[in-house]
Protein chains: 2
Amino acid sequence: MHRAVQELVADEANDSLTIPIVAARAGVHATTVYRRWGTVADLLADVTSSRFSGDIVVPDTGSLRGDLERYAYDLAKDLCDPDTLALVRATIGTGGEQGAAACRGERQRQLEAILERDRARGENPPTLERTTDALLAPLYYRAVFTDDPLTPDWTRALVSHLLPD
Amino acid sequence: MHRAVQELVADEANDSLTIPIVAARAGVHATTVYRRWGTVADLLADVTSSRFSGDIVVPDTGSLRGDLERYAYDLAKDLCDPDTLALVRATIGTGGEQGAAACRGERQRQLEAILERDRARGENPPTLERTTDALLAPLYYRAVFTDDPLTPDWTRALVSHLLPD
DNA sequence: ACACAAACGCAGCGATCACTGCGTTTTTAG
DNA sequence: CTAAAAACGCAGTGATCGCTGCGTTTGTGT
């Protein structure tokens, strides 16, 4: 089911995503989807949540800078994937905070884990709010609102602005 | 027509926006909307573009810091408006870069104008890319992806991080 | 093995969408 | 003032959606 949603969101940009369409792609009956998820918004939130929590490993390079550079690089790569991007936009478009939370919740928790580990090393990292503003926000903004590339040089520059020498 | 779209996006979170619904709210026939705009995506892009270019004045406080603080304050206030936020999310949800560009195009031009003016004063402001990453990105990210408030203290802090003493 | 719960599919319904042919009204140009 | 273009509305069509009652199939617990 999740793969059906992702494929449809990717394939049919600008077309409306509906439950019968998703059901057909998943090879199940629409009734099954109505009964289980109810609305396209709930379905998208579910799919997006699990899309972002499946396969990302919190990096551990031994230093905060290394961790953040790796984290930013991985997130940039993920957000550059047209299928991921289409899913994020579709989920945001369902309106409300539920879809938005599904898009960023897991990624924010990973960022927090990185900062926590640095504190556990006795260091003094920036706050989660500051790191979100300096890293997460530009990554998501550039991916969702522009068609500028999310290059490794650019992601490293973001980390450098956050952690000056 | 534009007001009908904005009202509907605001009123009916999670409900699908369709051309007959917009037409009814605007008090015109659906045929008129089909013939003029064609799709909901085109309509939303149009409405969002003009929504963001109507009434914002590029601030001129005499200093870059003052201009950016004012700009960030105004944009935060605008994005905090639930109606504006709903419109942005709906437009992003139409997929593709057209809707995304409609949401940020005008605001990015205003930012560029502020930086150009500072250069005209003989100063050396940060690049548009840097300023976008440090100001626009956090503003849009927090508004669209979270339900955290966009407070004046926070927007001033963003400017301070961009323009250290 | 059996009973029951959960999940699923079929068929069908009312509502709505997306769209178009054609006539009417409004606007514009000369 | 008039003719033509542009914009609009009416009526209608086929397709699809969102949903539900009810039967079937699958899974689970004893």
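Source: prediction; values computed, not measured. Reminder, nothing fancy here: chain letters follow the sequence lines and each chain counts from 1.
Between the side chains of B/R104 and A/T146, not a single donor N or O lies within less than 3.5 Å of an accepting N or O. A/Q108 and A/T132 form a side-chain donor-acceptor contact under 3.5 Å, judged by distance and modelled atom types alone.
Here C/dC17 presents its C1' atom at 9 Å from CD1 of B/I21, a figure rounded to the nearest Å. When the P atom of C/dT16 is taken as reference, atom CG of B/L17 falls 15 Å away, rounded to whole Å. Residue B/H29 contributes atom NE2, which lies 12 Å from atom P of C/dC17 at whole-angstrom precision.
At a threshold of 4.0 Å, the pair A/E106-A/R109 counts as salt-bridged, since one of the basic side-chain nitrogens sits closer than that to a carboxylate oxygen. The pair B/D42-B/R35 does not count as a salt bridge, with every side-chain nitrogen at least 4.0 angstrom from each carboxylate oxygen.
Of the residues near DNA chain D, B/T31 and A/Y34, the one whose nearest nucleotide (by heavy atom distance) lies more toward the 5' end is B/T31. Both B/R35 and A/R36 lie near DNA chain C, and the one whose nearest nucleotide falls closer to the 5' end is A/R36.
Between A/Y141 and B/Y141, the ring centre distance reaches or exceeds 6.0 Å.
Counted within 6.0 Å of CZ on A/R70, heavy atoms from surrounding residues, nucleotides or ligands total 12 or fewer; the atom is thus considered open.
The span of DNA chain D lying next to chain B, judged by atoms under 4.0 Å from heavy atoms, is bounded 5' to 3' by D/dC8 to D/dA11.
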